[in-house]
Each structure stands twice: as C-alpha cells, then as structure tokens.
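To start, the structure itself, in structure tokens.
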Amino acid sequence: MSQYTLKNAHGMELRVLDYGGIIVSLAVPDRTGRVDDVVLGFDRLQAYERSSLYFGAIIGRFGNRIARGRFTLDGRTYMLATNDGPNHLHGGVKGFDKVVWKVSPFERQDSTGLVLRYTSPDGEEGYPGTLRTTVTYTLTDGNELIFDYEATSDRATPVNLTQHSYFNLAGDGRGDVLDHVLTLKAHSFTPVDSTLIPTGEIRSVAGTPFDFRAPTAIGARIGQDDEQLRYGGGYDHNFVLDKDRAEQRGAAMLAARVYEPSSGRLMEVFTTEPGVQFYSGNFLDGMLTGKRGTVYPRRSGFALETQHFPDSPNHPDFPSTILAPGREYRSRTLLRFGVR
Ligand code: GLA
C-alpha cells in the first residue's frame, strides 16, 4: 500500500492512500494560521479495511442506496450485493472504497495532484459492464481541493461517484460538529422510508428542520421530533440542489457552505451534481477509536456527498444515472477553504 502527500503554498497538506483513494488527513489553516487536520480517519490501514464508515474514501460504483439491491435496465433485472439491511449501499460489499487504485502524481504551476485509476470488471458487485474509472484529486494554491470523476463503460450501467470524507472544521477529534453553521442551496429534499430509500417525493424544506437556506447550526433542530430525522438518526438525506445558483467556479455551482465559529474555518462546496447527501455522522457510536487514539463521539464529523439522487435506477423521475456505452461520465466537485 502507498501513501501520497500533496502540499500547497498556504500550508494545506493532503495525504491519500491508493487503497480506496482514501484521504487520511487534510491540514487546513484556521483564522490565526494554525494548521489542523480537519478530516476523520484511522491510524492503521487495517482499521480502514474493517470499517464500513467509508472515512475519506471514493464511493462507487453507486453513491448511496439502491433499494433491495435491484434495478431493471433495458428489460433486464440486475441483482446487486446487499450490504445495508435489505439494500445496496455505496457500491456493495467491496465498493470503490475497498479496492486499490493505480495512482499517478502530477505537478502544475499553481497546483499539484493525483490521478487515480481503477477498472471495475463486468459483473463486479452485480453491475453490468466493464467500468473504467478515473478520479483526479487536485490541490491548488487557491486553497481548493478539486475532485474530477470520469468513467466509461462497454455496457449501459448506473454510475454515481462521490467522495466520503467526514469533516470536523474545528479539527479532527475536537468534539461534535453540532455548532458548525451550514448553508445548503436547496429548496427541497428527497424524503426516505425507514430503510433510508427515497419515497420518490420531492419535498419543500420550508417549515422543516431541513431548511438550511439561511445559515443554521447543524445541531439547532437535529433533536426535533420529526419522522425524517428519526429515520436517519439525524440528517442522512439527499438535498435537491437549486438549478440556478449564482456563485460558480466554472461549471460547478455553490451547493453548500460550512462555517466553524471557534476556528473561523470556512468550507464551500461547488459541484456539477444535482444533489448532495448531508450526513451528520449519526452512525458514529462514541465507541470508535480514530486517529491518534481519539474516541469519536456521535456526530463528530459530517459528510457532504455530492451526487445524483439515491436509488435513481428505480426512480425514472430522478435525473438519470445511466451511463451508455460510448458516452463519458463526468462530474466535478470543488472544496474551497477559507477563514472568516
Ligand atoms: C452515507 C449514508 C449513510 C451512511 C454513511 C456511512 O452517508 O447515507 O447512511 O451509510 O454513508 O456510514
């Protein structure tokens, strides 16, 4: 197994494993210039191999759940591996988080990066087609971390790639993330059933604890008596990103902004994707030992998984996740770090 380190001109440092493309650490300056690691993880590879939390990993072939691991495409029904109760989650038993990627580092004038490649054989975890996947991580001197995803297949197949880093902008191991202030550029979300599969409804966030259109602390309403929060044990939902968002970085539009008051760190998420899964770390059970021997309390990290909507192959009304042979899957997400 190999580990790669990327640094930029402002003290940011990223460490990545070829296993799962896992981001094991991401050092970011706070408002005083002090640098802390802002992602959760483990000290040892073995812990990543055993874990089903997806800390820092590339997710594929399909981010989030597919109901009962089943979908029909061109008249044929496919059965995928089920690894989350009755459902298929994050690519199955051995998803892209648990394979070894071929890594090539590169350097440019104002950035440095890694190209990660993996070819998923036809039938892997039940999916049709040989899927050739390239994920590029770029760290820029503008304090941006860019994820570029590309894939091609020799047969039609669903694809929904994402990155599953858990952030704590106060610093890894510094308590929970309930004081982080979140803004989501989403007027609606996709409510789920008790197994976290979207019901198909697109529901307005207005008047619900899912309204993050104005900056709101993650913890402000997480304890409310709400059926959707109960199903997720907190936030574990796909938000439907507004179609016209003013702030853009190329084709990627601002999806989310997270501010941590004690450190002053600010993270902005731009994406070309139509949705984002906001996960408030509800399955962290307070028993888990992470980096440097820190025990991670419940909700000590959050994830913003930019994506197409969960279970899309079973919802013809959702934006399509089917990649046709001869076409190219392309997706970009950009994290911009700053302080306030
Ligand atoms: C996603 C899922 C969650 C959970 C985490 C990893 O966010 O939606 O339910 O599986 O990944 O634990």
Side-chain angles (χ1 to χ4, degrees), residues 20-23 39-42 47-69 80-98 125 147 160-168 176-177 180 182 184 186 189-199 210 212 218 222 227-240 255-256 258 269 271 273 275-288 290 296-315 318 321 333:
I22 292 173
I23 295 178
V39 294
L40 277 57
F42 298 114
Y48 285 108
E49 288 170 339
R50 288 200 202 115
S51 166
S52 52
L53 289 164
Y54 306 93
F55 278 159
I58 297 171
I59 302 296
R61 295 186 183 192
F62 199 96
N64 215 275
R65 293 174 179 78
I66 295 179
R68 306 200 166 266
L80 304 172
T82 52
N83 58 325
D84 185 64
N87 302 321
H88 176 87
L89 174 65
H90 292 331
V93 175
K94 190 176 177 191
F96 287 3
D97 58 300
K98 292 208 160 43
E125 299 294 313
F147 304 127
N160 194 23
L161 305 178
T162 191
Q163 224 291 337
H164 207 308
S165 285
Y166 287 63
F167 297 93
N168 184 331
D176 65 46
V177 294
H180 285 52
L182 173 67
L184 286 174
F189 73 110
T190 50
V192 290
D193 68 14
S194 63
T195 71
L196 300 184
I197 294 292
T199 60
F210 293 82
F212 284 95
I218 290 175
I222 204 168
E227 184 180 64
Q228 286 298 313
L229 287 174
R230 229 170 11 250
Y231 287 160
Y235 297 101
D236 194 348
H237 293 77
N238 172 66
F239 286 73
V240 179
V258 192
V269 182
T271 189
E273 287 298 306
V276 63
Q277 184 85 4
F278 167 45
Y279 173 56
S280 54
N282 314 305
F283 293 142
L284 295 170
D285 56 6
M287 307 287 283
L288 188 76
Y296 289 140
R298 185 147 192 248
R299 298 174 178 156
S300 50
F302 70 88
L304 287 166
E305 302 149 64
T306 50
Q307 59 182 17
H308 274 55
F309 308 170
D311 200 29
S312 288
N314 293 308
H315 292 276
F318 289 176
T321 51
T333 291

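Each ligand, and each atom within it, is numbered from 1 in the order the structure gives.
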Set of side-chain hydrogen bond (donor to acceptor under 3.5 Å, both in side chains) partners for [X], sequence neighbours left out:
X    : value
T190 : N238
D193 : T195
H237 : Q228

task = Over all heavy atoms of both residues, which pair between I222 and S280 is shortest? Give the atoms and the distance, please.
result = CD1-OG, 3.5 Å
task = State whether D176 and R298 are salt-bridged, where the test is any N-O pair (Lys NZ or Arg NE/NH1/NH2 against Asp/Glu carboxylate O) under 4.0 Å.
result =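 Salt bridge flag = no for R298 with D176.
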Which N/O atoms of ligand 1 sit under 3.5 Å from a protein N/O, and at what distances?
{"unit_1": "ligand 1", "atom_1": "7 (O)", "unit_2": "E305", "atom_2": "OE1", "d": "3.4"}
{"unit_1": "ligand 1", "atom_1": "7 (O)", "unit_2": "E305", "atom_2": "OE2", "d": "2.8"}
{"unit_1": "ligand 1", "atom_1": "8 (O)", "unit_2": "N64", "atom_2": "ND2", "d": "2.8"}
{"unit_1": "ligand 1", "atom_1": "8 (O)", "unit_2": "R65", "atom_2": "NH1", "d": "3.2"}
{"unit_1": "ligand 1", "atom_1": "8 (O)", "unit_2": "D236", "atom_2": "OD1", "d": "2.6"}
{"unit_1": "ligand 1", "atom_1": "8 (O)", "unit_2": "Q277", "atom_2": "NE2", "d": "3.3"}
{"unit_1": "ligand 1", "atom_1": "9 (O)", "unit_2": "R65", "atom_2": "NH1", "d": "3.3"}
{"unit_1": "ligand 1", "atom_1": "9 (O)", "unit_2": "R65", "atom_2": "NH2", "d": "2.7"}
{"unit_1": "ligand 1", "atom_1": "9 (O)", "unit_2": "D236", "atom_2": "OD1", "d": "3.4"}
{"unit_1": "ligand 1", "atom_1": "9 (O)", "unit_2": "D236", "atom_2": "OD2", "d": "2.4"}
{"unit_1": "ligand 1", "atom_1": "11 (O)", "unit_2": "H90", "atom_2": "NE2", "d": "2.8"}
{"unit_1": "ligand 1", "atom_1": "11 (O)", "unit_2": "H164", "atom_2": "NE2", "d": "2.7"}

task = Please assess N314 against D311 for the test side chain to side chain donor-acceptor pair (under 3.5 Å), listing each intermediate value before the final yes or no.
result = CA-CA 6 Å; N314 293 308; D311 200 29; 2.7 Å; yes
